[in-house]
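See below for the structure under consideration.
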Amino acid sequence: MTRVFRFATWTIKPDPLVRASWEAECVSGESKDCGAESGALESPEAVDTWMCAHTAATGHTRFIRMSTDYLLTEPPEGSLAADRTALFRKPQLEVVGGDDDAG
């Protein structure tokens with residue numbers, strides 16, 4: 001039996017249904033880390049602002065900054081992988097109406 005493998009470029013893109021988030025944790029400290037956390041914020045600039053405020057209040061200058069985002073992988077259109085992934089795709093919710101709807 002002969003097998004043919006065709007390599008094609010997949011697309012990786014952000015999931016439009018979920019927002020990315022950023023957070024920081026202070027790891028300054030002598031015998032143990034401070035451990036203060038920013039919590040999830042909606043931009044890297046917001047985390048930077050939190051880190052600067054924490055530094056001003058405590059003098060701590062060492063942080064871990066993390067980002068979380070959700071991604072979608074899409075096989076090339078018309079490929080066998082596209083046919084297979086279509087079987088597992090969840091139906092998208094349709095937004096009906098809007099602000100102009102009465103009631």
Side-chain angles (χ1 to χ4, degrees):
M1 175 169 24
T2 303
R3 292 184 179 201
V4 177
F5 294 94
R6 296 176 197 232
F7 296 95
T9 304
W10 284 58
T11 301
I12 299 174
K13 65 181 187 178
D15 184 340
L17 300 176
V18 185
R19 287 187 175 164
S21 66
W22 290 262
E23 57 187 297
E25 179 181 344
C26 178
V27 293
S28 297
E30 304 253 341
S31 59
K32 67 176 194 167
D33 293 345
C34 166
E37 297 178 353
S38 66
L41 301 170
E42 291 191 11
S43 73
E45 294 80 14
V47 172
D48 293 349
T49 300
W50 179 86
M51 289 188 301
C52 290
H54 185 74
T55 298
T58 63
H60 297 168
T61 58
R62 194 159 189 247
F63 299 88
I64 295 173
R65 185 170 71 175
M66 301 149 283
S67 64
T68 303
D69 58 344
Y70 292 78
L71 303 170
L72 300 172
T73 56
E74 292 184 352
E77 191 174 322
S79 68
L80 179 60
D83 294 341
R84 286 185 179 166
T85 57
L87 297 173
F88 300 100
R89 216 172 265 136
K90 292 181 181 178
Q92 296 294 316
L93 296 176
E94 182 179 342
V95 177
V96 178
D99 292 340
D100 295 345
D101 283 353

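Quick note: residue numbers are just sequence positions, from 1.
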Kindly give the heavy-atom pair with the smallest separation between Gly35 and Glu25, and that separation in Å. CA-OE2, 4.0 Å
Would you give the length of the straight line joining atom CG of Leu71 to atom NZ of Lys13, rounded to the nearest 0.5 angstrom? 11.5 Å
Nearest heavy-atom neighbours spanning Arg65 and Val47: CD-CG1, 3.7 Å
Would you name the heavy atoms of Trp50 and Ala36 that are closest together and state the gap between them? CH2-O, 3.6 Å
Could you give me the CA-CA distance, side-chain angles and deciding distance for Ser28 and His54, then say whether side-chain contact (heavy atoms from CB on, under 4.5 Å) is met? CA-CA 11 Å; Ser28 297; His54 185 74; over 6 Å; no
Under the rule for side-chain contact (heavy atoms from CB on, under 4.5 Å), what residues qualify as partners of Ala20, not counting sequence neighbours? Trp22, Asp69
Distance from Thr61 atom OG1 to Met51 atom CE, nearest 0.5 Å? 11.0 Å
Could you tell me if the side chain of Thr55 sits less than 4.5 Å from the side chain of Cys26, heavy atoms only? no
So do Trp10 and Pro76 actually touch side chain to side chain, heavy atoms under 4.5 Å? yes
Treat each ILVMFWY residue as a node, draw an edge where side-chain heavy atoms are under 4.5 Å apart, and state whether Ile12 and Leu72 are in one component. no
